[in-house]
Amino acid sequence: MSGQTLTDRIAAAQYSLTGSEVARAVCKATTHEVMAPKKKHLEYLIQATQESNVNIPQMADTLFERAGNASWIVVFKALVTTHHLMVHGNERFIQYLASRNTLFNLSNFLDKTGSHGYDMSTFIRRYSRYLNEKAFAYRQMAFDFGRVKKGAEGVMRTMSTDKLLKGMPTLQSQIDALLEFDVHPKDLVNGVINAAFLLLFKDLIKLYACYNDGIINLLGKSQEVYECFEISKSLV
């Protein structure tokens with residue numbers, strides 16, 4: 001299906017009538033067009049997260065509503081838009097997602113409308129799990145691994161032993177969830193999955209940089225870590 005459907009136009013009009021320009025932009029970013037969310041809509045939403053008078057929970061709820069659509073295109077684009085805002089939006093967006101008890105419940109999602117529906121549904125299930133894991137990691141650490149400073153003076157390189165022992169498994173879980181997306185060149189057949197792949201690839205580079213910093217820090221503190229383990233064993 002190419003171009004906006006009548007359903008897309010009606011949904012956008014409904015949000016316009018309620019006065020919610022943010023919800024309308026979410027709707028515009030998640031149409032039935034088989035293409036990545038348009039840059040102008042993503043930029044509008046990113047800017048909206050910077051505005052103190054914008055209701056972040058309402059923005060997130062609209063994205064969750066779109067992710068509940070039956071079409072793989074709308075759902076996938078809702079996930080891509082959410083991921084884009086987690087990375088590029090104001091930090092209060094990911095803070096809100098991390099504060100929620102549930103995010104995307106798409107473990108059983110399946111669009112049966114065609115071969116593309118079946119194929120893309122698999123990646124939607126994997127992608128939603130990664131975004132859930134990304135939000136959970138923020139809840140655990142109170143920061144986004146992708147946003148923190150890297151290198152010699154970076155967060156993971158200078159982290160205390162106790163927090164590092166908590167942070168490394170959390171980071172590993174996020175990396176594992178990302179790698180489970182497991183996309184291959186033959187699967188990159190449309191603009192939607194291509195947009196998801198690009199965001200995931202950039203995340204992976206940042207996550208590996210954090211992991212590298214954490215390992216360097218951990219090795220430097222090996223004696224301290226060993227002593228902590230010995231104390232823990234003595235208390236058992």
Side-chain angles (χ1 to χ4, degrees), residues 20-26 29-30 36-67 77-104 127-160 162-164 166-178 181 195-196 198-214 217:
S20 178
E21 286 300 315
V22 168
R24 181 174 181 273
V26 168
T30 57
K38 290 183 179 178
K39 183 179 179 182
K40 64 180 180 180
H41 301 312
L42 293 176
E43 288 179 344
Y44 178 89
L45 291 169
I46 290 169
Q47 182 56 40
T49 66
Q50 309 292 342
E51 305 294 337
S52 59
N53 62 329
V54 168
N55 188 324
I56 294 295
Q58 182 187 58
M59 178 189 291
D61 285 345
T62 307
L63 284 163
F64 294 137
E65 180 183 326
R66 298 297 282 171
K77 290 172 80 168
L79 296 179
V80 169
T81 302
T82 301
H83 192 177
H84 200 87
L85 293 175
M86 292 172 86
V87 173
H88 300 292
N90 187 284
E91 195 168 352
R92 66 196 185 110
F93 181 80
I94 192 171
Q95 283 175 347
Y96 172 71
L97 296 186
S99 72
R100 290 177 57 106
N101 292 325
T102 58
L103 290 182
F104 297 107
Y127 195 21
S128 64
R129 180 177 180 276
Y130 170 70
L131 295 182
N132 288 344
E133 194 66 43
K134 184 177 176 72
F136 177 75
Y138 190 99
R139 184 192 305 178
Q140 291 292 101
M141 304 304 299
F143 64 77
D144 179 4
F145 287 110
R147 290 175 181 253
V148 295
K149 185 178 180 180
K150 318 291 193 297
E153 302 299 320
V155 169
M156 295 299 288
R157 193 80 69 90
T158 58
M159 188 174 283
S160 67
D162 289 345
K163 196 163 186 179
L164 192 62
K166 174 186 176 183
M168 289 301 286
T170 302
L171 175 57
Q172 182 67 62
S173 293
Q174 187 175 338
I175 292 173
D176 289 345
L178 191 156
F181 191 69
L198 185 59
L199 287 167
L200 288 166
F201 180 72
K202 290 179 178 179
D203 269 14
L204 186 60
I205 292 172
K206 295 172 185 176
L207 292 176
Y208 270 139
C210 278
Y211 196 83
N212 183 59
D213 285 346
N217 188 359

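Excluded from the calculations below are hydrogen atoms, water molecules and symmetry mates; all remaining heavy atoms, backbone and side chain alike, are included.
A heavy-atom distance below 4.5 Å is not found between the side chains of Val155 and Met141. Counting heavy atoms from C-beta outward, Tyr211 and Met168 have side chains that approach closer than 4.5 Å. Between Asp176 and Gln172, the closest side-chain pair of non-hydrogen atoms falls below 4.5 Å. The side-chain heavy atoms of Phe136 and Leu103, taken from C-beta on, include no pair separated by under 4.5 Å. Residues Lys134 and Asp144 have side chains in contact (heavy-atom distance under 4.5 Å, counting atoms from C-beta outward). Residues Met159 and Asp213 are not in side-chain contact: their nearest non-hydrogen atoms beyond the backbone lie 4.5 Å or more apart. Side-chain contact between Leu97 and Leu131 is absent, with no heavy-atom pair separated by less than 4.5 Å. Side-chain atoms of Pro37 and His84, non-hydrogen and from C-beta on, never get closer than 4.5 Å to each other.
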Distance-only criterion, 3.5 Å: show the donor-acceptor pairs between side-chain atoms of residues 40-48 and protein atoms not counting sequence neighbours.
{"unit_1": "Gln47", "atom_1": "NE2", "unit_2": "Glu51", "atom_2": "OE2", "d": "2.8"}

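Here the shortest heavy-atom pairing between Gln50 and Gly89 reads NE2-C, 4.0 Å. Pairing each heavy atom of Val80 with each of Ala195, the nearest pair is CG1-CB, 4.0 Å. When all heavy atoms of Gly214 and Leu164 are compared, the pair lying nearest together is O-CD2, 3.9 Å. Residues Ala29 and Lys77 share a closest heavy-atom pair of O-CE, 3.3 Å.
Taking OH from Tyr96 and CE from Met59, the interatomic distance works out to 12.0 Å, rounded to the nearest 0.5 Å. Between atom CG of residue Leu207 and atom CG of residue Asn212 there is a gap of 12.5 Å, rounded to the nearest 0.5 Å. With values rounded to the nearest 0.5 angstrom, Thr158 atom OG1 is found 10.0 Å from Lys163 atom NZ. The NE2 atom of His88 sits 12.0 Å away from the CD1 atom of Ile94 when rounded to the nearest 0.5 Å. Between the OH atom in Tyr130 and the CG atom in Leu199 there is a gap of 9.0 Å [rounded to 0.5 Å].
Every pair passing salt bridge (charged side-chain N to carboxylate O under 4.0 Å, His left out) that includes a residue from residues 79-102 is listed here, sequence neighbours excluded: Asp61-Arg100.
Here Phe143 and Phe145 bring their ring centres to under 6.0 angstrom of each other.
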Check the pair Asp203, Val87 against side chain to side chain contact (heavy atoms under 4.5 Å, CB included), reporting the backbone distance first and the verdict last. CA-CA 9 Å; Asp203 269 14; Val87 173; 3.8 Å; yes

Show your reasoning for whether side chain to side chain contact (heavy atoms under 4.5 Å, CB included) applies to Leu85 and Leu63. CA-CA 11 Å; Leu85 293 175; Leu63 284 163; 4.0 Å; yes

Begin with the C-alpha distance, continue with both residues' side-chain angles, and end with the deciding distance and a verdict on side chain to side chain contact (heavy atoms under 4.5 Å, CB included) for Leu204 and Leu200. CA-CA 6 Å; Leu204 186 60; Leu200 288 166; over 6 Å; no

Walk me through it: do His83 and Tyr127 pass the test side chain to side chain contact (heavy atoms under 4.5 Å, CB included)? CA-CA 10 Å; His83 192 177; Tyr127 195 21; 2.7 Å; yes

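Judged by distance alone, the side chain of Arg157 and the main-chain N or O of Lys150 form no donor-acceptor pair under 3.5 Å. Side chain of Lys38 to main chain of Ala36: no donor-acceptor pair is present (N/O by atom type, distance under 3.5 Å, no hydrogens or angles). For the pair Arg66 (side chain) and Ala78 (backbone), a donor-acceptor distance under 3.5 Å is absent. Put simply, the side chain of Asn217 gets close to the backbone of Met156: a donor and an acceptor are under 3.5 Å apart.
Heavy-atom contacts from other residues, nucleotides or ligands closer than 6.0 Å to CG of Asn101 number 12 or fewer.
By the ring-ring contact (aromatic ring centres under 6.0 Å, His included) test, Phe93 pairs with no residue at all, sequence neighbours left out.
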